Amino acid sequence: MSLYEQYPVSIYNSLNKQKEVFKPIHEGRVGMYVCGPTVYSDVHLGNVRTFVSFDIMFRYLLYLGYKVRYVRNITDVGHLVGDADEGEDKIAKKARLEELEPMEIVQKYTNGFHDVMRLFNALPPSIEPTATGHIVEQIEFIKQIIANGYAYEKDGSVYFDVRKYNKDHQYGELSGRNIDEMLSNTRELTGQDQKNDPLDFALWKKAEGGHLMRWPSPWGVGFPGWHLECSVMSTKYLGEQFDIHGGGMDLKFPHHEAEIAQNKGCCHKGGANYWVHGNMLTVNGRKMAKSEGNGFTPEQLLTGNHKLLERGYSAMTVRFFMLMSHYASTLDFSNEALQAAEKGYKRLMASLSLVKKLPSAGTGSVDEQKSNELKQHIEQAFKDLSDDFNTAKAIANLFEVSTKINTYYQQPAELAKIDADIFNWVITHFRGIIFDVLGLKNETDLAQNNNVLDGAMQVLIELRKQAKFSKNYALSDKIRDDLKAAGIQLKDEKGGEMSYTID
RNA sequence: GUCGGGAUAGCCAAGUGGCAAGGCUUCAGUCUGCAAAACUGACAUCACCGGUUCGAAUCCGGUUCCCGACUCCA
């Protein structure tokens, strides 16, 4: 029996506003699409949170034994900036400012995005398609929507006919809106005259004279509209109907709503069965966003070089911090919270390192109850992760296992009572969940693999042992304190042995 | 204004009907030459007011406050 049959996954589906048992269209296979970044500037920590959230889903589904095709796009056509349709596109604007080709801007920030994803140990998606690489497909998609009667051409642009669509389908089903209310609340916008209706949105925009990104189409030279690429690329790589579509909460409307409309307008199918939305990272209760000026780059985070940061935090500390809350809750950033996460993360890693030093389990008379208690923490962690990817709850159970491991290390007699098969199963998945599902790495381990440093440390440890043996505590304390000041923590262990960790 | 999400200890954060997870902090103890780490223990009338129920943080009604979307946003 596969893990996914043992621990069936439930997902909160934004479309139905309830948690549902996850049933993929094809047994054992999952198609997942996530809206990626628009590459016109550096990603900030809020963006990272979303991609880490979906990285967990990808990793967990893989861990359970699903074959997953994970598609995450790169939006390299700038969405319009400024009011309505008169604005420029972000990438073109940036290109003009920096006197670069738009594709140079795109390349620069795509590289940056990949660097950040690697830093935070997010797995690369199976396919990472770009909007500019799918102009032809987008044009074909528009043609079909027009043929189905849900779009119209006007002066070189093509608009989606929301009212017409709403007669046959329900526009607003995802975000809980209805078009009459929306209409009465629409702000007065300039440059709307081309549209038949303010609710309509562009599928294809005519390129004005100075517009840098432009392609020929049946309707003239222009560029694809705001929401089209995701409909087109998810359909191309995952099919007209697929399993999971994810993105940040702020994309729910209008982006995802428009996507569903486009999908149905073209293919009569709504795309994803399960819509999943990650919540925002907040700072002092407010959304982290460029316009708020409260965002910082991952680089600033690591160095601590930002007014919001008391000091730097490692990428794994931050990843762990994010996983201590549920993806659908807002997560408030603070130095205090990050420092708490850092300690918790180190605690988890320390117990994990201890596993190697443990003697064999089950060498005494096995206590079934204690063995099962241990096992249940891992089983519960699986159930937690299967319950809408509740990493916060799963981590609570991992900490329980941590405590057990620490106890076994200090009292091997306790480990002797644990059934060996159960213990091995627990450790296998304890490591598996931490490394493969949560995607954490042991940052201090990397330093310990440095043989030269380790050699030097052994010399110092030997010196301290001798000093302690001859009761020269002034010297033994100096060795310990000076190493501490240099960022290395010495620990005395039972039997006179010493170990060290690097901060 | 419309739609949606929140309010849980000093901090972060799980928990959607049955004695309030977990991490950090603080305090006490064990261990230690002293530490650190680890282990053990202590620390919450779940924003407010009503209602339903044998039983409510959880369900229903109301109040206050906060946030997000409705413009590009992860």
Side-chain angles (χ1 to χ4, degrees), chain A residues 14 17 19 34-38 40 43-54 75 78-84 87 89-90 172 175-178 180-187 189 226 246-255 257 277-282 284-292 295 320-321 324-326 328-348 350-351 354 380 384 390-400 402-403 405-407 409-411 468 471 473 476-477 480-481 484 489-494 499 501:
Chain A
S14 301
K17 297 182 178 38
K19 212 183 276 179
V34 170
C35 290
T38 306
Y40 68 100
V43 292
H44 63 234
L45 204 61
N47 306 107
V48 172
R49 186 190 182 199
T50 297
F51 299 122
V52 165
S53 295
F54 290 106
T75 298
H79 292 170
L80 291 175
V81 77
D83 265 353
D89 99 24
K90 285 173 181 169
S175 56
R177 288 153 209 259
N178 75 63
D180 293 321
E181 279 170 0
M182 283 166 59
L183 193 58
S184 62
N185 289 312
T186 302
R187 300 195 311 179
L189 295 176
W226 311 359
M249 200 74 93
D250 48 358
L251 295 181
K252 208 184 218 179
F253 189 89
H255 183 62
E257 201 66 73
H277 290 97
N279 218 320
M280 301 292 105
L281 181 71
T282 60
N284 295 322
R286 296 189 151 271
K287 175 181 169 182
M288 182 177 280
K290 287 188 188 79
S291 55
E292 294 271 351
F320 188 70
F321 163 68
M324 290 213 307
S325 74
H326 188 243
S329 302
T330 54
L331 172 63
D332 198 51
F333 167 89
S334 72
N335 283 281
E336 218 177 343
L338 275 193
Q339 282 160 26
E342 183 176 79
K343 290 206 176 179
Y345 162 69
K346 283 186 175 169
R347 180 176 148 81
L348 206 55
S351 65
L354 228 44
Q380 192 55 50
D384 296 336
N390 196 329
T391 51
K393 236 180 141 186
I395 285 171
N397 276 296
L398 295 180
F399 273 118
E400 300 288 352
S402 265
T403 301
I405 290 170
N406 291 334
T407 300
Y409 184 67
Q410 290 184 357
Q411 301 171 44
K468 276 188 72 173
K471 297 211 173 4
Y473 294 124
S476 68
D477 286 355
R480 186 177 64 197
D481 296 345
K484 173 77 180 161
Q489 175 73 56
L490 270 189
K491 289 181 207 168
D492 291 354
E493 303 197 344
K494 283 204 180 123
S499 64
T501 55

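Only a predicted model underlies this, so the values are computations on that prediction, with no experimental measurement involved.
- Across all strands shown, A/G285 has heavy atoms under 4.0 Å from sugar-phosphate atoms exclusively, and none from any base.
- A search for side chain to side chain contact (heavy atoms under 4.5 Å, CB included) contacts involving A/Q410 returns A/K494, not counting sequence neighbours.
- Among the atoms of the strands shown, none is found under 4.0 Å from any heavy atom of A/L398.
- Legend: residues meeting side chain to side chain contact (heavy atoms under 4.5 Å, CB included) with A/T330, ordered by chain and number and at least two apart, are A/N279, A/T282.
- At a threshold of 4.0 Å, the pair A/D481-A/K484 does not count as salt-bridged, since none of the basic side-chain nitrogens sits closer than that to a carboxylate oxygen.
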- Message: Each nucleotide in nucleotides 11-21 of chain B should get exactly one letter: B, S or -. Can you fill that in based on protein heavy atoms under 4.0 Å?
- Response: SSSSS-----B

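- In this structure, NZ of A/K252 is placed 12 Å from P of B/A69, rounded to the nearest angstrom.
- A search for side-chain hydrogen bond (donor to acceptor under 3.5 Å, both in side chains) contacts involving A/N397 returns A/H377, A/D384, not counting sequence neighbours.
- Nucleotide B/G4 forms a Watson-Crick or G-U wobble pair with B/C67, both donor-acceptor distances falling under 3.5 Å.
- Separating the P atom of B/A44 from that of B/U2 is a span of 41 Å, rounded to the nearest Å.
- Rounding to whole angstrom units, CE of residue A/M249 and P of B/G6 are separated by 8 Å.
- For B/A69, the OP1/OP2 oxygens have a side-chain nitrogen or oxygen of A/K287 closer than 4.0 Å.
- Taking the C1' atom of each, B/G22 and B/A9 are spaced 13 Å apart, rounded to whole Å.
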- Message: Output one letter per nucleotide in nucleotides 32-40 of chain B: B when a protein non-hydrogen atom lies under 4.0 Å from the base, S when only the sugar-phosphate is that close, - when neither is.
- Response: -BBBBSBSS

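- Whole-Å rounding puts the A/E257 CD to B/C73 C1' distance at 17 Å.
- Applying the side chain to side chain contact (heavy atoms under 4.5 Å, CB included) test to A/S325 and every residue at least two apart in sequence or in another chain returns A/R49, A/L331.
- Aromatic ring pairs are classed by plane angle as parallel below 30°, tilted from 30° to 60° and perpendicular above 60°; the pair A/F320 and A/Y345 is tilted.
- Whole-Å rounding puts the A/R286 CZ to B/G5 C1' distance at 16 Å.
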